[in-house]
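To start, the structure itself, in structure tokens.
Values reported hereafter were calculated over all heavy atoms of this structure, with side chains retained and with hydrogens, waters and symmetry mates removed.
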Amino acid sequence: MAKKIIRSDEKKSIFGLQVNGPVFFTSSITIIIIITLTLMFKNEAEEYFTAIQDFVAKQAGWFFILSVNVFLIFMIYLAFSKYGHLRIGGQSAKPEFKTISWFAMLFSAGMGIGLLFWSISEPIYHFLSPPMAEGGTAEAAKEAMKFTFLHWGFHAWAVYALVGLSLAYFTYSRGLPLTIRSVFYPFLGDRIYGKIGDAIDIFAVLATVFGLATSLGMGVQQIAAGLNHLFDVDSGVQTQIILIIGITLVATVSVVLGVDKGVRILSEWNMRVAVLFLLIVVILGPTIFIFKSFLQNTGNYLSDFLEIASWTESFRGSNWQNAWTIFYWGWWIAWSPFVGMFIARISKGRTVREFILGVLIVPSIVTFFWISAFGSTAIHEAILGNETIVNAVNDNVATALFVFLEDYPFAFILNIIAVILIAGFFITSSDSGSLVVDNLTSGGKLDAPVGQRIFWALAEGSVAAVLLLGGGLQALQTATIVTGLPFAVILIIMCFSLYKGLKEDLRKLKKRESQKELENYEEIVSTIVKKRNMNEQTKIK
């Protein structure tokens, strides 16, 4: 059993916080420096980060595409291999949460805000400017949904599944801290407790905080746009800052309550509202068309899966993928420490097979149906000549959902539900993100002091607010994407580490089972011998 990364007598207590000093203070100082420089040199930072993004996309785009395919293949292999029956936390471990609660929490943390923001806009963008077909045609519509499914489907969840399973396995089955560094124990050994391990966790904290801040900024922009659309409230930065403050306070309360009482309950209610919202849209909208498009979209996606998943624009000389596919692969990989760690935190007691299939299939199917209900319907309206939604996407992406709902009965009520739902996903992303960063900076402690949870919940809201106030959101979003490149390398190493660990555990399990069978056999033989001796003694008497 590996020693703890920080023993209770080694923890530093400052203002009630129990932290791993190098990770906590280095991360905090770095965040402050990056924000300050971004605000001071906003234009230069945007140009600098954009140049890096272009370079990464052009030179390493093929590596992103190869990596995410490797991750998906590896996850499918593990699910159906001999390792599938191994249970996270040991064969006698039981799941901490009900399956429905588990699905609700992992979906809320993984896709919530982004799916609401892009489920209409991305299909419309691809419909107008598809990578291969002629824009505005039926073939363009088919291609638009196919690539949207690619970006939000199995590959994205495979990245999360890899990180989540690796962290859960090494934490609950090997007794290591719930931090990114623990995954590298088979290669680094006790060196994960030194500077190398600190550097890994610091990088994970930065990727998580800035990745979450950009997503929260995107969510609050959509909420402000919704309030402006409904009540003519100013949707400017001041309103967005006020919204961030209010929602962050609610998220802070959830963080204080913890996973079971706070995050779980909010996630479950959020999913109830999301299901209700989706059902209303399906029932009041073109119901038959939605089901038909869902079936066709899924079939197109699966039938062309290998082609679009491995497509690199090699013979076209275009750069469409740089802004879309490469963007998404870098984004999911950069977000994987956050989502993966949160999924790991709630997945003790699941088998490897149950974990992988649950994370891959259920959220993907829900996502496909959601995108079909909103994206396909929006494209259908555009094909029929209704340019309202097209103009909304081109004018302000944040308003697309609310403009889309204007064609439905009870549009005002639906828009109110949409605003509540976005706020709910905002809160669940913020509180789950805070718990993850808390784990990283406390050295893997699952139940850090309340003061520390509050610190990171407020810090994340503050980062999003400062970036919006200074106009640096776009620059930091680009920086977050760029972090996906080194993390892709880390995830490849993670595949080898996880495979090695599962292989060792399976060998130990088989050895224990063989030993138990031998002991049972010896016990049976001993019983038979005793009975025979007793019978012989009875005959002699």
- Would you say W320 has more than 12 foreign heavy atoms packed within less than 6.0 Å of its CH2? yes
- Task: Could you tell me whether a side-chain N or O of R316 sits under 3.5 Å from a main-chain N or O of P131, the two making a donor and an acceptor?
- Result: yes
- Message: Quick check against the 3.5 Å criterion: does T367 have a side-chain atom that pairs as donor or acceptor with the backbone of G153?
- Response: no
- Inter-residue atom distance T351.OG1 - I356.CD1, 0.5 Å rounding: 9.0 Å
- With sequence neighbours excluded, tell me which residues meet salt bridge (Lys or Arg N to Asp or Glu O under 4.0 Å) with E504. R174
- T325 OG1 to W329 CH2 distance, which is reported to the nearest 0.5 Å: 6.5 Å
- Message: I'd like to know if the side chain of D198 pairs up with that of Y193 as donor and acceptor (distance under 3.5 Å, no hydrogens or angles considered).
- Response: no
- Message: Just so I know, are the side chains of F63 and V489 near enough to count as touching, which here means a heavy-atom distance under 4.5 Å?
- Response: yes
- Take L176 and T171 through the side-chain contact (heavy atoms from CB on, under 4.5 Å) test and state the conclusion after the steps. CA-CA 5 Å; L176 294 169; T171 298; 5.6 Å; no
- Are D505 and Y169 side-chain neighbours, meaning at least one heavy-atom pair lies under 4.5 Å? yes
- Would you call L485 and F64 a side-chain contact if the rule is heavy atoms closer than 4.5 Å? yes
- Item | Non-hydrogen atoms of L162 and L491 that approach each other most closely | CD2-O, 3.7 Å
- Item | Spacing of CZ belonging to F184 relative to CE belonging to M494, to within rounding of 0.5 Å | 5.0 Å
- F55 atom CZ: more than 12 heavy-atom contacts under 6.0 Å: no
- Query: Does F24 have its ring centroid less than 6.0 Å away from the ring centroid of W456?
  - Reply: yes
Donor-acceptor pairs under 3.5 Å, side chain of residues 86-95 to any protein atom, not counting sequence neighbours: which ones?
from	atom 1	to	atom 2	distance (Å)
R87	NH1	G349	O	2.6
Q91	OE1	R87	N	2.7
Q91	NE2	H85	O	3.3

- Query: Is the backbone N or O of I333 less than 3.5 Å from a side-chain atom of S336, with the two atoms forming a donor-acceptor pair by type?
  - Reply: yes
- Item | Backbone N/O of I493 and side chain of S497: donor-acceptor pair under 3.5 Å | no
- Heavy-atom closest pair, residues I244 and G461: CG2-O, 3.4 Å
- Message: Tell me the closest heavy-atom pair linking K146 and D304, and the distance in Å.
- Response: NZ-OD2, 3.1 Å
- Message: Is it the case that the ring center of Y160 lies less than 6.0 angstrom away from the ring center of W157?
- Response: yes
- Item | Pairwise distance CH2(W62) to OG(S67) - rounded to 0.5 angstrom | 8.0 Å
- Evaluation steps, side-chain contact (heavy atoms from CB on, under 4.5 Å), between V437 and F455: CA-CA 10 Å; V437 176; F455 173 82; over 6 Å; no
- Report, as yes or no, whether the 6.0 Å neighbourhood of atom CZ on F496 holds more than 12 heavy atoms from other residues, nucleotides or ligands. no
- Any idea which heavy atoms bring L167 and G340 closest together, and the distance? CD1-C, 4.1 Å
- Item | Over all atoms of both residues, closest heavy-atom pair of Y172 and A344 | CE1-O, 3.2 Å
- Query: Given V436 and R345, is the side-chain contact (heavy atoms from CB on, under 4.5 Å) satisfied, shown in steps?
  - Reply: CA-CA 9 Å; V436 164; R345 173 69 179 81; over 6 Å; no
- Expected output: side-chain T252 to main-chain T248 donor-acceptor under 3.5 Å: yes
- Task: Report yes if the side chains of F103 and M271 come closer than 4.5 Å at any heavy-atom pair, otherwise no.
- Result: no
- Query: Which value, rounded to the nearest 0.5 Å, describes the distance between R181 atom CZ and I196 atom CD1?
  - Reply: 10.5 Å
- Item | Check: F154 and L302 side chains under 4.5 Å, non-hydrogen atoms | yes
- Message: Working to the nearest 0.5 angstrom, can you tell me the gap between Y83 OH and L498 CG?
- Response: 10.0 Å
- Task: Write down the atom of I202, the atom of P22, and the distance for their closest heavy-atom approach.
- Result: CD1-O, 3.8 Å
- Query: What about the rings of W311 and F147, do their centers lie closer together than 6.0 Å?
  - Reply: yes
- Query: side-chain contact (heavy atoms from CB on, under 4.5 Å) between V159 and W331: does it pass, once the steps are laid out?
  - Reply: CA-CA 11 Å; V159 176; W331 182 253; over 6 Å; no
- Task: Scan H151, H155, Q321, E122 and name whichever one has a side chain to side chain donor-acceptor pair (under 3.5 Å) with Y328.
- Result: E122
- Does the ring centre of F368 sit less than 6.0 Å away from the ring centre of Y301? yes
- Between the main-chain N or O of N300 and the side-chain N or O of S303, is there a donor-acceptor pair closer than 3.5 Å? yes
